Amino acid sequence: QVKLVESGGDLVETGGSLRLSCAASGRIPNLAVMAWHRQTPEKQRELVAAITASGTTDYGASVTGRFTISRDNAKNTMYLQMNSLQPEDTGVYYCNLDISLLQVRRGTSRYWGQGTQVTVSS
């Protein structure tokens, strides 16, 4: 089993920045893909960003150029630096993990955290 714990969600003004963290523990696969998805009341859960074990990244179109995903494999921790935040970035951000990048992109990862709330005020 793998446990994922998110932190860093907060209330921020438009144009502000936040850094989310996801700490993984348990039997983590060596080639695990880690990602952030977000859920808003208006939209289905969408991929924000993903990162492979080797550091290859993939971003959702709405966050490209504003968000940066990274991971520290030695610490089993993933980060999401979010800049130029907009009200439409508001939602619950979920850390997730799978050995398949395809499953991650589909939002069907095997392991999920509980989520952290990000609220951007206008």
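What you see is a predicted model; the values in this text were computed from it and never measured.
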Under 3.5 Å donor-acceptor, [X] side chain and [Y] backbone:
{"X": "Thr77", "Y": "Lys75", "result": "yes"}
{"X": "Gln86", "Y": "Thr90", "result": "no"}
{"X": "Asp89", "Y": "Val118", "result": "no"}
{"X": "Arg45", "Y": "Gly107", "result": "no"}
{"X": "Arg71", "Y": "Thr52", "result": "yes"}

Taking side chain as C-beta onward, heavy atoms only, is [X] less than 4.5 Å from [Y]?
{"X": "Cys95", "Y": "Trp36", "value": "yes"}
{"X": "Leu101", "Y": "Thr56", "value": "no"}
{"X": "Tyr93", "Y": "Glu6", "value": "no"}
{"X": "Val63", "Y": "Arg38", "value": "yes"}

Measure the [atom1]-[atom2] distance between [X] and [Y] for me, rounded to the nearest 0.5 Å.
{"X": "Gln81", "Y": "Ile69", "atom1": "CD", "atom2": "CD1", "answer": "12.5 Å"}
{"X": "Met78", "Y": "Asn96", "atom1": "CE", "atom2": "CG", "answer": "7.0 Å"}
{"X": "Leu47", "Y": "Arg105", "atom1": "CG", "atom2": "CZ", "answer": "8.0 Å"}
{"X": "Thr40", "Y": "Glu88", "atom1": "OG1", "atom2": "CD", "answer": "10.5 Å"}

Inset, instruction - State yes or no: do Tyr59 and Met82 share one hydrophobic cluster built from I, L, V, M, F, W and Y residues joined by side-chain heavy-atom distances below 4.5 Å, directly or via other members? - result: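 Per the 4.5 Å side-chain linkage, Tyr59 and Met82 are co-clustered.
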Inset, instruction - Using the rule that two of Ile, Leu, Val, Met, Phe, Trp, Tyr join whenever any of their side-chain heavy atoms come within less than 4.5 Å, decide whether Val2 and Ile51 are in one cluster. - result: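 Same cluster.
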Does [atom1] belonging to [X] count more than 12 external heavy atoms closer than 6.0 Å?
{"X": "Asn30", "atom1": "CG", "result": "no"}
{"X": "Gln39", "atom1": "CD", "result": "yes"}
{"X": "Arg110", "atom1": "CZ", "result": "no"}

Inset, instruction - For residues Ser100 and Val33, report the shortest heavy-atom separation together with the two atoms involved. - result: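 Scanning both residues, the minimum pair turns out to be C-CG2, 4.4 Å.
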Inset, instruction - Could you tell me which non-hydrogen atom of Leu80 sits nearest to which non-hydrogen atom of Val48, and how far apart they are? - result: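 Smallest interatomic distance, heavy atoms only, reads CD2-CG1, 4.0 Å.
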Inset, instruction - Say whether Gln103 and Ser109, considering side chains only, have a donor N or O and an acceptor N or O under 3.5 Å apart. - result: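 Side-chain D/A pair, Gln103 to Ser109: absent.
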Inset, instruction - Could you name each residue pair satisfying ring-ring contact (aromatic ring centres under 6.0 Å, His included) that touches residues 61-89, not counting sequence neighbours? - result: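 For residues 61-89, and leaving out neighbouring residues, there are no ring-ring contact (aromatic ring centres under 6.0 Å, His included) pairs at all.
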Inset, instruction - For side chain to side chain contact (heavy atoms under 4.5 Å, CB included), just list the numbers for Val104 and Asp58, CA-CA rounded to whole Å, side-chain angles, deciding distance to a tenth of an Å, and then say yes or no. - result: CA-CA 11 Å; Val104 167; Asp58 189 14; over 6 Å; no
Please tabulate, for the side chains in residues 11-29, all donor-acceptor contacts under 3.5 angstrom to protein atoms that are two or more places apart in sequence or on a different chain.
unit_1 : atom_1 : unit_2 : atom_2 : d
Thr14  : OG1    : Ser121 : O      : 2.6
Ser17  : OG     : Asn83  : OD1    : 3.0

